[in-house]
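Remarks on the structure that follows.
Numbering starts at 1 and runs along the sequence shown.
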Amino acid sequence: LGTAALATACVLLLRRPAKPPVEVATRAGLVDSGGPTTKTTVPATSSPAAERIVTLGPLPRALAPGRWTIAEEASLDLAPGSAAHAERAPGGAPALALERGRIALAVVHKPRPTPFRIIAGNYEFTVLGTTFTVERARDLVDLVVSEGHVAVSRGGRRLTVVSAGGKWSSGIAKAAQAARSASGSADSVPADSAPVECAGTGLERPGPAALPCLRAQAAGGGLRAQIALFHIGRINQEDLKEPAGALATFEELRRRFPGGPLRAESDLSIVQLLADAQRTGEALEESAALLARGSSPERAAELRLLRGNLYRQALDDLTRAEHEYRLASAAATSTADEALYLHALTLEALGRRLEAQSRYRQYLERERTAHAQQARAALFRLEQTSDGPPGSN
């Protein structure tokens with residue numbers, strides 16, 4: 001009898017379904033470039049450090065920051081403040097889209113009918129069993145490969161293959177393409193405009209050990225010197241954590257090559273470094289000058305969002321912050337969702353409650369929103385205390 005009871009208990013335990021996430025929100029009828037879809041959002045559990053298992057299907061699935069496992073495919077770590085979604089592509093292999101921030105992956109090496117893909121903006125990374133990190137910030141995408149090989153493509157055309165220990169940056173790829181265009185040839189680059197060799201493998205981003213070589217190349221001219229200066233700035237900013245050195249390098253790049261192909265990336269880096277250093281007035285002046293000169297819609301939205309954060313957090317000027325957030329949220333870019341949520345938050349802080357309700361509703365209608373739980377709570381609170389009926393404007 002004891003053995004039978006134990007066997008029955010084991011069967012019941014094996015049949016018990018896995019514990020569901022804290023919340024799973026499903027919304028039908030959404031339309032993307034691929035047609036009508038249904039999106040399932042899996043928010044963070046009560047223990048952010050805990051590793052969670054996700055099962056992929058043909059519909060996009062949003063991933064909250066934290067550690068995840070895709071069964072028999074990969075383990076990944078999505079950094080705080082990052083946003084990504086995953087799905088199983090028509091060929092059967094997973095496809096991850098990084099909207100912003102940083103994702104680190106360890107992909108299982110096994111045969112697949114189609115390759116495991118990571119998409120970050122216009123760039124696609126094809127994986128063959130490896131460990132690597134992809135970071136997307138503003139208009140730049142960076143790749144760092146720890147093990148294996150990763151192919152980098154854009155628009156269906158392979159740009160390069162990065163091997164273990166190598167780095168790659170979209171900023172350098174853009175500079176090389178600009179040089180090709182200026183030379184009138186898609187296949188040849190003038191000798192003085194060739195990418196830096198300090199990286200060892202073409203367009204890969206070098207590490208701190210390459211600084212002496214990069215400084216020697218930066219003393220020259222042409223695109224070679226511009227790329228070297230850009231690398232030095234990024235190494236100081238991200239690897240060495242020396243923002244003062246990074247700022248000085250980007251300012252030198254801008255001063256020496258005001259019309260170079262890396263001018264826009266340098267300007268954006270300068271604004272961000274000034275903001276991080278709490279030099280708020282200078283950051284606002286630099287960003288205003290960039291907006292006045294004209295920027296791409298995505299860069300303009302990112303600058304508006306940064307300006308809104310400076311006004312709200314550093315200067316406590318909610319009126320100007322509201323203006324910047326409103327402009328940033330109107331753009332059809334990856335930063336619009338964050339700007340829309342912060343716009344609603346600022347309107348609520350200003351006491352413009354009905355406008356805040358409207359903006360929270362607009363935010364909750366978007367796909368893959370990072371602050372859905374907070375927005376729902378704020379909307380519920382405002383509707384409960386509103387003078388008018390819920391939904392009035």
Residue pair Thr133 / Leu143, side-chain heavy-atom distance below 4.5 Å: no
Salt bridge (Lys or Arg N to Asp or Glu O under 4.0 Å) involving Asp276 - partner list, sequence neighbours excluded: none
Non-neighbouring partners of Arg279 that pass side-chain contact (heavy atoms from CB on, under 4.5 Å), sequence neighbours left out: Leu247, Leu274, Ala277, Glu282
Which residues share a side-chain contact (heavy atoms from CB on, under 4.5 Å) with Pro208, sequence neighbours left out: Ile235, Asp239, Leu240
Note: Asp337-Arg366 ion pair, threshold 4.0 Å (strictly below): yes
Leu96 vs Leu76 side-chain heavy atoms within contact, under 4.5 Å: yes
Gln374: partners by side chain to side chain donor-acceptor pair (under 3.5 Å), with sequence neighbours left out: none
Arg215: side chain to side chain donor-acceptor pair (under 3.5 Å) partners, not counting sequence neighbours: none
Salt-bridge criterion met for Arg312 and Asp316 (N-O under 4.0 Å): no
Set of side-chain contact (heavy atoms from CB on, under 4.5 Å) partners for Thr280, sequence neighbours left out: Leu284, Leu310, Ala314, Leu315
Check: Tyr360 side chain, Phe380 main-chain N or O, donor-acceptor pair, under 3.5 Å: no
Contacts of Glu286 that satisfy salt bridge (Lys or Arg N to Asp or Glu O under 4.0 Å) - sequence neighbours left out: Arg254
Whether Trp168 and Tyr123 hold their rings parallel, tilted or perpendicular, with breakpoints at 30° and 60°: perpendicular
Residues which pass salt bridge (Lys or Arg N to Asp or Glu O under 4.0 Å) with Arg307, listed by chain and number, not counting sequence neighbours: Glu324
Other cluster members, Leu347 - Ile/Leu/Val/Met/Phe/Trp/Tyr, side-chain contacts below 4.5 Å: none
Set of side chain to side chain donor-acceptor pair (under 3.5 Å) partners for Ser266, sequence neighbours left out: none
NZ/NE/NH1/NH2 to OD/OE distance under 4.0 Å, Glu322 and Arg326: yes
Residues forming a side-chain contact (heavy atoms from CB on, under 4.5 Å) with Ala264, sequence neighbours excluded: Arg299
Residues forming a salt bridge (Lys or Arg N to Asp or Glu O under 4.0 Å) with Arg102, sequence neighbours excluded: none
